[in-house]
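A quick write-up on the structure given underneath.
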Amino acid sequence: MTDIHVPPDHPRRVSLETRHRIIEGHKKHIVATAGLLAHGRGEAFDYMIGETTTDVAKEAAQATVAAMFLAEWPVISVNGNACSLVPDELVELSDLTGAPLEINLFYYRKEREDAILRTLMEAGAKKVLGTHDRPSETIPELSSNRRKVDSEGIAKADFVLVPLEDGDRTEALRRVGKYVATIDLNPMSRTALYSNLTIVDNIVRALPVMVDFARELADAPDKELKDIIDSFDNTANLRQSIKLIGEHLNDMARQADRHPQKFVDEVSD
Ligand code: ATP
């Protein structure tokens with residue numbers, strides 16, 4: 001998966017390997033240059049949340065999978081960063097939930113579309129929507145390239161999962177009546193706030209959790225799925241994620257007060 005060698009006990013190992021995957025994705029034209037910066041923003045929030053999947057993120061992931069099963073026409077929107085980090089899991093989630101994968105790019109280049117398509121196919125995808133040769137329609141609320149959507153995908157979807165997204169597109173999708181779920185490490189981003197369901201977690205951790213929930217809920221009756229969604233409060237969940245970041249930072253500050261040298265040694269390791 002990655003050709004850099006990070007010692008197994010390095011405290012930043014997973015983060016460094018993930019970063020390297022994004023860099024490799026950029027070299028292969030999967031990730032746009034702006035995607036490198038978006039990843040850095042995500043890394044910063046991951047640091048603050050403690051680089052762990054919180055219980056509230058798990059609840060949001062479960063509600064999102066339940067919503068995917070209940071939707072008539074669910075679709076998973078794929079951009080360069082998501083494709084580069086979790087191609088196998090995207091295909092698995094798509095297979096388990098019946099939600100097709102649709103490529104949707106802000107910085108469109110045919111070369112990028114081809115590289116993303118190839119990666120998803122290599123990961124086992126049988127069909128990928130959103131390619132230039134497919135029938136398309138436009139979402140008038142959006143001015144960028146991404147206004148073009150697949151006629152058999154986002155155009156007719158009632159549910160769209162938009163991981164690592166920007167706020168304008170999320171808002172536009174909501175305005176045209178889509179039920180939107182996202183995965184975003186920043187609980188204060190506009191995407192996190194505008195989405196119906198927000199999983200505040202790193203996509204590299206969240207997708208495997210979603211795949212597990214998809215296996216678990218595959219045969220669940222609609223009533224059970226509805227109960228999961230009805231008992232989930234996205235605003236409370238976001239508030240809790242912000243609080244957890246605050247608590248984590250307070251813990252760090254307390255450790256620094258108590259054992260200044262030990263703290264510096266550990267953090268700068
Ligand atoms: P908004 O317009 O919604 O306020 P933004 O301008 O920060 O967001 P982008 O720069 O496109 O949007 O960044 C996409 C979002 O994806 C950021 O909020 C970032 O924290 C998040 N992000 C980046 N990498 C990851 C990752 N690996 N897992 C989860 N979220 C990530």
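Here the structure is a predicted model, which means the values were calculated and not measured. Counting starts at 1 for both ligands and their atoms, in listed order. Residue numbers count from 1 along this sequence.
- If you check the side chains of T131 and D133, you find a donor sitting under 3.5 Å from an acceptor.
- A heavy-atom cutoff of 4.0 Å around ligand 1 is satisfied by the protein residues A38, H39, R41, G42, L85, L164, E165, D166, G167, D184, L185, N186, S189, R190, T191, D201, N202, I203.
- Within the structure, the salt bridge (charged side-chain N to carboxylate O under 4.0 Å, His left out) test picks out the following pairs touching residues 25-42 (sequence neighbours left out): E24-K27.
- Screening residues 54-64 for side chain to side chain donor-acceptor pair (under 3.5 Å), with sequence neighbours left out, gives no hits.
- Note on L85: it clusters hydrophobically with L36, by side-chain heavy-atom contacts below 4.5 Å among ILVMFWY residues.
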Please list every donor-acceptor pair under 3.5 Å in which a side-chain atom of residues 213-221 meets a protein atom from a residue at least two apart or in another chain.
residue : atom : partner : partner atom : Å
R215    : NH2  : E92     : OE2          : 2.3

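- Inspection of the N234 and T198 side chains reveals an N or O donor paired with an N or O acceptor under 3.5 Å.
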